[in-house]
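Source: prediction; values computed, not measured. Residue numbers start at 1 and run along the sequence shown.
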Amino acid sequence: MSVTTSGVGEHADSAAAPRAGARSRRHRFSWRHGGWSALLTVLGLTLAAHHPLSAALVTAAFVLLGLAVAWRPWLGLMLLPALLPAIGLMPWTGWLTLEEFDLAVLAVAAGAHARLASRRGLAGLRDGPVDAVESRASALKGLLLLPYAAALLVSMLRGFDDAGGLVWGWWQGYHEPLNSLRLAKSFFLALLLLPMWRAVVRAAPRQAPDSLALGLCAGLAVVAVLALWERWAYTDLANFSSDYRTTALFWEMHVGGAAFDGFLALTMPFAAHELTRTGSRWRWLFAAAAVLLGAYACLTTFSRAVYLALPIGLAVMAALQALAARRQQRAGAVTREGVVAVALACAAFAAVAATMFPTSGYRGALALLGAAALLLPTAAWLRGLPAASWAAGVAAGVALSLLLGLLSYVLPKGPYIVYLLAW
């Protein structure tokens, strides 16, 4: 018995030794991430110290954002999409090449690298040996990124040369050398965030995408409120006949472009996806408000590209959800029923849109799209509903439809007000 116990103890000690060694390697300070954090911090503080409005306030905000991300790295995934449409202050600062969002990215990247460099690292980070498949995938992605990065660098250098050589200036315009930096910097800022994304996804594979989706939904809510504020100030909330095009705080649109339209088209599917969640009632209400305000913002862009991109984006989101359900090995019958339901819903939407379009145009099609988005969460609620509740719901729906139809004729701008009340 003593021999057996001794053998077990020896095996336990020998098994614990590699784990202890792996644990010590896991919590060892990373000089590579520490160096990146220090470099990005110095660069960000230097830019913040030259901010033309309030260097002290911007510096404090930079430090607080970096510390928040170092404390909870997933906050960066949530805050950046929410801040993007609201912190472009070029009309007040005169900064064209650099802007406040660049400082936010530097702060998030610096905080994330600081957390990755610390002895604590990310809780639950699986930083063990990478398998061959992941190594090959990473190598392929690197091979795809490097040529594009090289092409951007070459084009940026040629832009410097064509503008008369690289000359630094805080208030350079479109025809001066640093405009090339303005056009190329987005790709390199995204590369700075790539280590944070990979690390957070490995540490929290569910929380990271969830935080990003919530941040995109918050970004839609922010930009929709800004669009609402702009139309309140310059036109009227119910004025749909003027030629005014909303831009929110996307200052880039003073020379044209579709920055506002693109942001709406990219974020609306994520907000609609939040409507299908049943975990939190307050989160669902927030997503519903974002979709409602976002639908109004999309309607008032009067952009055919937005009206076309929204149903495509929602269809892609639905397809990705179906693939995710199959990947999680849910019941096959439910997945097949879901595919059939999505196909029928798309066919019904197309038929009704074709009927409405000759009389209501793109506005009617977008209003129909908003109604379709509102139907997304009802499947979970209606499943298993008693027959008596179905009958009461249909009766209440018919009565409310008649009442709202009457109001649409009586009130000024009645159809728009009725649509809001229906939501």
Side-chain angles (χ1 to χ4, degrees), residues 47 51-53 58 61 65 78-108 170-175 178-190 193 212 215-237 239-240 242-271 289-310 312-313 362 366:
L47 296 178
H51 196 271
L53 294 182
V58 173
L65 181 57
M78 186 186 303
L79 292 176
L80 280 181
L83 292 175
L84 190 151
I87 59 174
L89 304 180
M90 191 279 289
W92 294 273
T93 62
W95 275 10
L96 187 71
T97 304
L98 303 169
E99 56 179 333
E100 291 71 21
F101 186 72
D102 302 335
L103 291 171
V105 172
L106 291 176
V108 169
W170 292 105
W171 289 278
Q172 291 191 13
Y174 291 112
H175 301 287
L178 290 184
N179 187 53
S180 296
L181 175 62
R182 182 185 70 86
L183 297 175
K185 66 182 179 180
S186 300
F187 175 77
F188 298 104
L189 289 176
L193 298 174
L212 180 61
L216 291 169
C217 185
L220 175 65
V222 170
V223 78
V225 169
L226 291 173
L228 196 72
W229 170 45
E230 181 182 2
R231 287 189 58 82
W232 197 340
Y234 289 102
T235 58
D236 185 70
L237 295 181
N239 182 4
F240 296 93
S242 66
D243 296 331
Y244 185 81
R245 292 287 299 272
T246 310
T247 61
L249 289 183
F250 288 100
W251 58 265
E252 302 91 338
M253 296 182 65
H254 75 284
V255 290
F260 178 54
D261 302 350
F263 191 83
L264 289 174
L266 289 173
T267 53
M268 274 290 286
F270 287 93
V291 170
L292 175 61
L293 295 175
Y296 176 84
C298 291
L299 177 64
T300 55
T301 60
F302 305 112
S303 171
R304 298 172 186 173
V306 174
Y307 298 163
L308 179 63
L310 281 181
I312 294 177
Y362 292 105
L366 186 62

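L216 is not listed as a side-chain neighbour of F263, based on a closest heavy-atom distance of 4.5 Å or more. The shortest side-chain heavy-atom distance between T301 and L264 falls under the 4.5 Å cut-off. Looking at heavy atoms from C-beta onward, P81 lies out of side-chain contact with T267 at the 4.5 angstrom threshold. Within the 4.5 Å cutoff, no side-chain heavy atoms of T300 are placed close to those of T235. Side chains of L193 and V105 form a contact here, defined as non-hydrogen atoms less than 4.5 Å apart.
Proximity of a side-chain donor or acceptor of R182 to a complementary backbone N or O of L98 within less than 3.5 Å is not detected. In this structure, the side chain of Q172 does not engage the main chain of T97 through any donor-acceptor pair within 3.5 Å.
For L310 against A265, the heavy-atom pair with the smallest separation is CD2-CA, 4.3 Å. Nearest heavy-atom pair across S303 and R245 is CB-NH2, 3.8 Å. Listed here is the closest heavy atom pair of M268 and C298: CG-SG, 4.0 Å.
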Would you tabulate the side-chain donor-acceptor contacts of residues 289-296 under 3.5 Å, counting partners in other chains and residues two or more places apart, or write 'none'?
from, atom 1, to, atom 2, distance (Å)
Y296, OH, R231, NE, 3.0
Y296, OH, L237, O, 2.7

Under 3.5 Å, side-chain donor or acceptor atoms of residues 85-95 against the rest of the protein: list the pairs with distances, not counting sequence neighbours.
from, atom 1, to, atom 2, distance (Å)
T93, OG1, L89, O, 3.1
T93, OG1, W95, N, 3.2

Which atom pairs, one a donor and one an acceptor, fall under 3.5 Å between side chains of residues 217-228 and the rest of the protein, sequence neighbours left out?
none

Give the intermediate values and the outcome of side chain to side chain contact (heavy atoms under 4.5 Å, CB included) for residues D102 and L189. CA-CA 8 Å; D102 302 335; L189 289 176; 3.4 Å; yes

Yes or no on side chain to side chain contact (heavy atoms under 4.5 Å, CB included) for V108 and L79, after CA distance, side-chain angles and deciding distance? CA-CA 9 Å; V108 169; L79 292 176; 5.8 Å; no

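To the nearest 0.5 Å, the span separating CZ on F302 from CG on D261 amounts to 12.0 Å. Separating the CZ atom in F260 from the OG1 atom in T247 is a distance of 8.0 Å, to the nearest 0.5 Å. Separating the CG atom in L183 from the OH atom in Y174 is a distance of 9.5 Å, to the nearest 0.5 Å.
Heavy-atom contacts from other residues, nucleotides or ligands closer than 6.0 Å to OH of Y244 number more than 12. Within 6.0 Å of CH2 on W171 lie more than 12 heavy atoms contributed by other residues, nucleotides or ligands. Shown here is H175, whose NE2 atom has no more than 12 heavy atoms of other residues, nucleotides or ligands within 6.0 Å. Atom CZ of F270 has 12 or fewer heavy atoms from other residues, nucleotides or ligands within 6.0 Å.
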